[in-house]
A.B. asks: 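Quick one: the structure is below, and I'll ask about it shortly.
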Amino acid sequence: MAVILQAIYNVYQEYIIDKTDERVANLPLLRSVWTVPLITGAYLYFVLRCGPKWMSCRKPVEIRSLLIVYNLVQVVANAVAFTLGLKYLRDFPYSFLCQPIQLDGSEQFMAEMKLGYIYFLLKVLDLSDTVFFVLRKKQSHVSFLHVYHHTVMVLSSAFFLRYLCGGHAFVLGLLNTFVHAVMYGYFFLSIYWPEVTRGASWKRYITLLQMAQFSYLVFHFFRPIILGVECGYPRAVMWFIGTQNVFMMLMFGDFYWRTYVKKPRAHHT
């Protein structure tokens with residue numbers, strides 16, 4: 001048993017601790033490898049078990065003002081992050097075919113680290129979406145797709161920031177901040193000015209925008225593999241991100257079909 005425990009510890013030390021990028025290891029929430037998993041675990045426990053049980057005998061919490069501020073903050077923060085991403089593309093060389101990770105302390109890496117950290121913090125903030133659903137007793141909104149997406153984004157953004165900051169995955173954050181700025185803009189209007197969004201036919205285009213994002217990311221990460229292009233970015237990671245985006249594209253496609261295609265037709269007949 002002692003030998004097994006020692007072997008597990010050695011693997012943990014070598015691959016989890018020692019391979020941490022020292023350039024990002026002192027950033028808040030990243031100083032310990034356990035901080036983000038603990039945050040994610042607490043999130044899952046609250047939104048799936050503790051929260052619904054606690055709210056079962058209570059009235060929905062009135063948080064309209066908080067939601068207005070929250071969604072407006074999300075719009076501004078994601079728009080700023082997207083703008084900074086465009087500035088990065090203007091200021092530094094970037095290959096959309098295959099971009100390596102910067103292995104030095106260059107100005108380009110520092111820009112990637114700053115943008116990656118902003119993106120990571122936004123993903124942590126996104127967890128509030130589900131907490132608000134629970135507090136408003138909208139548990140039907142706490143779907144597998146919603147919880148899975150939020151959980152994976154927090155864990156994966158922390159992982160990439162800690163071990164593979166920047167590089168080919170930069171585009172993922174760039175597109176995602178643009179999509180989220182649009183999405184939270186819709187959420188803001190739906191609460192602050194509900195008559196504008198009530199029954200709006202353009203709501204479906206937000207889902208289509210998300211699906212377009214996933215489709216491009218599938219292309220972005222599988223293209224270097226198919227073409228056999230090497231730039232030093234790990235192939236296994238490209239496979240993982242590409243496959244995840246295929247999965248998300250299929251799940252969002254199923255949501256779109258059930259919400260905007262199948263349901264209206266069923267109602268019409």
Side-chain angles (χ1 to χ4, degrees), residues 36-37 39-49 51-52 71 74 78 81-82 119-120 122-134 136 138-160 164 168-187 190 197 200-223 225-226 236-267:
V36 175
I39 291 173
T40 309
Y43 160 78
L44 291 172
Y45 179 69
F46 179 82
V47 302
L48 298 177
R49 184 174 179 85
N71 286 301
Q74 283 276 25
N78 278 279
F82 177 69
Y119 180 73
F120 161 68
L122 286 172
K123 296 306 103 182
V124 175
L125 182 61
D126 287 352
L127 299 179
S128 304
D129 294 355
T130 328
V131 174
F132 293 149
F133 285 150
V134 173
R136 297 166 67 203
K138 294 184 177 292
Q139 200 64 27
S140 61
H141 290 27
V142 186
S143 63
F144 171 78
L145 172 59
H146 177 90
V147 175
Y148 174 84
H149 180 59
H150 278 48
T151 302
V152 167
M153 292 307 290
V154 170
L155 291 173
S156 60
S157 61
F159 173 86
F160 285 106
L164 297 166
H168 203 61
F170 167 82
V171 170
L172 187 155
L174 181 70
L175 294 179
N176 195 247
T177 51
F178 172 74
V179 171
H180 275 65
V182 174
M183 183 181 73
Y184 282 108
Y186 171 81
F187 293 157
S190 67
T197 60
S201 60
W202 49 269
K203 181 181 178 181
R204 67 172 60 195
Y205 295 111
I206 296 176
T207 304
L208 289 174
L209 181 62
Q210 291 171 309
M211 291 169 62
Q213 170 197 204
F214 297 132
S215 299
Y216 176 77
L217 291 174
V218 170
F219 168 77
H220 182 72
F221 285 100
F222 281 155
R223 181 169 63 153
I225 297 173
I226 294 172
V237 175
M238 289 187 178
W239 273 107
F240 172 76
I241 303 178
T243 303
Q244 277 293 308
N245 278 279
V246 169
F247 184 49
M248 295 305 300
M249 188 170 58
L250 292 174
M251 287 202 296
F252 271 77
D254 177 67
F255 169 79
Y256 183 87
W257 171 263
R258 289 184 290 103
T259 305
Y260 301 113
V261 179
K262 183 178 179 181
K263 194 172 183 179
R265 286 181 179 178
H267 179 74

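These figures come from a predicted structure and were not determined experimentally. Note: hydrogens, waters and symmetry copies are ignored here, and every other heavy atom, side chains too, is used.
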A.B. asks: For residues Pro52 and Val134, report the shortest heavy-atom separation together with the two atoms involved.
C.D. replies: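 Residues Pro52 and Val134, closest heavy atoms: N-CG1, 3.8 Å.
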A.B. asks: Which value, rounded to the nearest 0.5 Å, describes the distance between Ile206 atom CD1 and Phe252 atom CZ?
C.D. replies: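 If we round to the nearest 0.5 Å, Ile206:CD1 and Phe252:CZ are 11.5 Å apart.
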A.B. asks: Got a sec, which residues hit side-chain contact (heavy atoms from CB on, under 4.5 Å) with Val237, two or more places apart in sequence or on another chain?
C.D. replies: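 Per chain and number, Val237 pairs via side-chain contact (heavy atoms from CB on, under 4.5 Å) with Phe160, Leu164, Tyr233, Pro234, Ile241.
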A.B. asks: Looking at Ser157 and Val154, would you say the former's side chain and the latter's main chain have a donor-acceptor pair under 3.5 Å?
C.D. replies: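 Yes, the answer is positive, given that a donor and an acceptor are paired below the 3.5 Å cut-off.
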A.B. asks: Check Phe222 against Thr243 and note the closest heavy-atom contact, atom names and distance.
C.D. replies: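 Looking at all heavy atoms of both residues, the shortest contact is CZ-N, 3.7 Å.
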A.B. asks: Carefully, step by step, assess Leu145 and Asp254 under the rule side chain to side chain contact (heavy atoms under 4.5 Å, CB included).
C.D. replies: CA-CA 10 Å; Leu145 172 59; Asp254 177 67; over 6 Å; no
A.B. asks: Is the shortest heavy-atom distance from the side chain of Met183 to the side chain of Gln210 under 4.5 Å?
C.D. replies: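 Sidechains of Gln210 and Met183: in contact.
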A.B. asks: Flag the pair Asp126 / Lys123 as yes when at least one side-chain heavy-atom distance between them is below 4.5 Å, and no otherwise.
C.D. replies: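 Yes, at least one pair of side-chain atoms sits under 4.5 Å.
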A.B. asks: For Phe219, enumerate each residue passing the ring pair (Phe, Tyr, Trp, His ring centres under 6.0 Å) test, keeping only those at least two apart in sequence or located in another chain.
C.D. replies: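 For Phe219, the residues satisfying ring pair (Phe, Tyr, Trp, His ring centres under 6.0 Å) (neighbours in sequence not counted) are Tyr216.
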A.B. asks: Can a donor-acceptor pair be found, under 3.5 Å and without considering hydrogens, that links the side chain of Asn78 to the backbone of Gln74?
C.D. replies: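 Judged by distance alone, yes, a pair lies under 3.5 Å.
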A.B. asks: To the nearest 0.5 angstrom, please state how far the CG atom of Leu217 sits from the CD atom of Gln244.
C.D. replies: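 The distance works out to 12.0 Å.
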A.B. asks: Shortest non-hydrogen contact from Gly242 to Val218?
C.D. replies: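 Closest approach of Gly242 to Val218: O-CG2, 3.8 Å.
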A.B. asks: May I ask you to decide if the ring planes of Tyr184 and His180 are parallel, tilted or perpendicular, using 30° and 60° as cut-offs?
C.D. replies: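 Taking His180 first and then Tyr184, their aromatic rings sit tilted (interplane angle of 30° to 60°).
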A.B. asks: Kindly compute the distance separating CG (Leu125) from CZ (Phe120), expressed to the nearest 0.5 Å.
C.D. replies: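 Reported value, rounded in 0.5 Å steps: 11.5 Å.
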A.B. asks: Going by ring pair (Phe, Tyr, Trp, His ring centres under 6.0 Å), name the residues that satisfy it together with Phe247, two or more places apart in sequence or in a different chain.
C.D. replies: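 Partners of Phe247 under the ring pair (Phe, Tyr, Trp, His ring centres under 6.0 Å) test: Tyr148.
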A.B. asks: Identify, with sequence neighbours excluded, every residue that meets side-chain contact (heavy atoms from CB on, under 4.5 Å) alongside Phe82.
C.D. replies: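 Here the qualifying residues are Leu86, Leu174, Thr177, Phe178.
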A.B. asks: Output the distance between atom CZ (Phe255) and atom CG (Leu250), rounded to the nearest 0.5 Å.
C.D. replies: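 It comes to 15.5 Å.
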A.B. asks: Please report the shortest heavy-atom distance between Met211 and Tyr256, naming the atom on each side.
C.D. replies: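 So the minimum-distance heavy-atom pair works out to SD-CB, 4.1 Å.
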A.B. asks: Would you compute the distance between atom CZ of Phe214 and atom CG of Leu175 and round it to the nearest 0.5 angstrom?
C.D. replies: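 Answer for the CZ-CG pair, Phe214 versus Leu175, is 10.5 Å.
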A.B. asks: Looking at every non-hydrogen atom in both residues, tell me the closest pair between Val147 and Tyr43 and how far apart they are.
C.D. replies: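 Taking Val147 first and Tyr43 second, the nearest heavy atoms are CA-OH, 4.0 Å.
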A.B. asks: Would you name the heavy atoms of Tyr260 and Arg204 that are closest together and state the gap between them?
C.D. replies: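 For Tyr260 and Arg204, the tightest heavy-atom pair comes out as O-NH2, 3.3 Å.
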A.B. asks: Side-chain contact test, heavy atoms from C-beta onward, threshold under 4.5 Å: evaluate it for Leu122 versus Asn176 and give yes or no.
C.D. replies: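 With C-beta onward as the side chain, the pair stays apart.
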A.B. asks: Mark yes or no for whether Gln139, through its side chain, and Val47, through its backbone, hold a donor-acceptor pair below 3.5 Å.
C.D. replies: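 Checked: pair present.
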A.B. asks: Drop me the distance from Thr151's OG1 to Ile39's CD1, to the nearest 0.5 angstrom.
C.D. replies: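 Taking OG1 in Thr151 and CD1 in Ile39, the distance rounds to 12.5 Å.
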A.B. asks: Could I get the full list of ring pair (Phe, Tyr, Trp, His ring centres under 6.0 Å) partners for Phe170, not counting sequence neighbours?
C.D. replies: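 Result, ring pair (Phe, Tyr, Trp, His ring centres under 6.0 Å) vs Phe170: Tyr88, Tyr94.
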A.B. asks: Just jot down the ring pair (Phe, Tyr, Trp, His ring centres under 6.0 Å) partners of His146, sequence neighbours excluded, or say none.
C.D. replies: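 By the ring pair (Phe, Tyr, Trp, His ring centres under 6.0 Å) rule, His146 matches Phe133, His150.
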A.B. asks: Applying side chain to side chain contact (heavy atoms under 4.5 Å, CB included) to Tyr119 and Leu172, what does each step give before you reach the verdict?
C.D. replies: CA-CA 10 Å; Tyr119 180 73; Leu172 187 155; 3.3 Å; yes
A.B. asks: Does one side chain, of Gln213 or Asn245, offer a donor that lies under 3.5 Å from an acceptor on the other?
C.D. replies: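 No donor-acceptor contact under 3.5 Å links the two side chains.
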